[in-house]
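Take a look at the structure set out below.
Naming: A, B, ... by sequence-line order, numbering from 1 per chain. The analysis underlying the following values was restricted to heavy atoms, covering all of them including side chains, and did not include hydrogens, waters or symmetry mates.
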Number of protein chains: 2
Amino acid sequence: MRKIGAVVFPGFELLDMYGPLEMFGMIEDKLELRMVAETSDPVECGMGPKTVVDDQFSDGVQYDILLVPGGPGTRREAENKAFHEWLRDQSDGAELVTSVCTGSAILAAAGLLDGRRATTNKQAFAWASSFGPKVDWQKQARWVEDGKFFTASGVSAGMDMSLAVIARFFGTEMAGQASVWAEYDWHRDRTWDPFAKIHGLV
Amino acid sequence: MRKIGAVVFPGFELLDMYGPLEMFGMIEDKLELRMVAETSDPVECGMGPKTVVDDQFSDGVQYDILLVPGGPGTRREAENKAFHEWLRDQSDGAELVTSVCTGSAILAAAGLLDGRRATTNKQAFAWASSFGPKVDWQKQARWVEDGKFFTASGVSAGMDMSLAVIARFFGTEMAGQASVWAEYDWHRDRTWDPFAKIHGLV
């Protein structure tokens with residue numbers, strides 16, 4: 001049973017978080033979802049709905065898979081040194097560290113992506129990539145895998161990335177089954193990214 | 001400003017709810033998201049995460065758009081007469097009543113879909129459609145629009161349905177813009193439904 005640490009902060013993006021959790025949650029006998037935050041208060045996303053927190057950073061739980069979403073709140077979290085330190089500690093012990101959208105700006109600001117390939121939201125590409133001058137940012141990618149780091153492009157890309165995580169751990173057949181359960185049109189090709197062109201990156 | 005009543009109950013399906021809310025939440029100056037439930041306690045979805053409730057049924061708020069998700073909890077809610085009565089009252093005053101996945105079983109059980117075309121999750125089709133013998137159930141449809149009722153197929157189909165709602169109220173261009181912001185591969189064709197065939201319905 002792998003424990004997923006789904007990190008929430010004020011102003012996180014709803015679908016960045018719950019798209020992947022829908023996919024991970026289907027593998028219920030093998031993956032446990034835990035909502036984790038800096039403090040124990042409910043956390044308000046960028047659009048209003050609030051999520052209850054299961055664990056706080058100081059509880060010292062080690063997660064097997066970390067999920068860091070983006071959203072308007074990343075503007076503040078990209079400067080949150082305590083969060084970055086916690087992320088570095090967690091990453092040491094985690095099997096996989098994943099991000100969606102501008103969540104990769106937080107990983108980059110924590111220094112975790114230095115020397116690695118990564119991607120981020122295509123509309124916020126210039127802003128997000130500014131936090132990682134030593135990162136090999138990929139302009140056209142639905143998601144990028146580099147060692148234990150899986151970084152997805154904007155919002156919906158998290159669902160494709162999470163299915164790739166399921167495929168790595170449990171096989172392509174299980175990931176395909178999850179996409180069918182969710183009636184989701186899974187983009188299995190990491191290079192599928194029409195949004196890079198729409199935003200003038202390629 | 002239209003008020004969205006996003007109805008949660010124990011065992012609701014995460015993406016049924018948060019996929020559409022991501023899309024609706026982007027139109028933030030025109031749509032307000034409210035989480036509503038039978039009681040004011042946080043509501044646990046089928047996969048663990050808990051959502052804070054903004055309004056309870058007895059608050060008497062009238063919503064402009066209702067969103068009813070599916071999930072394992074529909075097994076109980078399809079028999080919840082108090083919920084059905086609240087839904088009938090709300091539907092009278094609402095501009096639009098939407099459901100995702102087996103959420104349409106609840107609408108059908110409340111009698112709201114009698115004489116109308118509707119669809120539901122393709123894997124749970126037989127179960128869900130049994131609650132509406134007078135409903136004209138569509139076996140192959142990403143979503144169905146009939147008057148003020150928009151019913152989506154399973155889980156991910158809610159995102160396509162919610163973009164169709166945005167298109168109806170604010171135009172196709174705004175809906176297209178929302179799908180680009182979310183980097184979402186919008187299926188604009190209501191008849192796109194490979195899952196009907198996978199589950200042997202056609």
- Query: Taking the six-membered ring of B:Trp127, is the NZ or CZ of B:Arg75 close enough (under 6.0 Å from the centre) and on axis enough (within 45°)?
  - Reply: yes

- Lys NZ or Arg CZ of B:Arg2 over B:Phe169 ring: under 6.0 Å, within 45°: yes

- Query: Should the heavy atoms of other residues, nucleotides or ligands under 6.0 Å from NZ of B:Lys139 be counted, would the total exceed 12?
  - Reply: no

Chain B contact via [X] - which portion, at a heavy-atom distance below 4.5 Å:
X: A:Leu15; result: both
X: A:Gln123; result: both
X: A:Trp192; result: side chain
X: A:Ile198; result: side chain
X: A:Phe195; result: side chain
X: A:Met159; result: side chain
X: A:Arg34; result: neither

- For each of B:Ala6, B:Pro49, B:Gly48, tally heavy-atom pairs with chain A at distances under 4.5 Å, and name the one with the top tally. B:Pro49

- Message: Looking only at heavy atoms and a cut-off of under 4.5 Å, which of B:Val53, B:Thr51, B:Asp16, B:Val52 has the most pairs with chain A?
- Response: B:Val52

- Message: If you define the side chain from C-beta out and look only at heavy atoms, does anything of A:Glu79 sit under 4.5 Å from A:Phe131?
- Response: yes

- Item | Residue pair A:Thr120 / A:Ser153, side-chain heavy-atom distance below 4.5 Å | no

- Item | Interface residue of largest heavy-atom contact number with chain B, from A:Asp54, A:Asn121, A:Leu33, A:Asp185, under 4.5 Å | A:Asp185

- Measure the acute angle between the ring planes of B:Phe9 and B:Phe12, then classify it against the limits of 30° and 60° as parallel, tilted or perpendicular. perpendicular

- Which atoms form the tightest heavy-atom contact between A:Leu21 and B:Met47, and what is the distance? O-SD, 3.9 Å

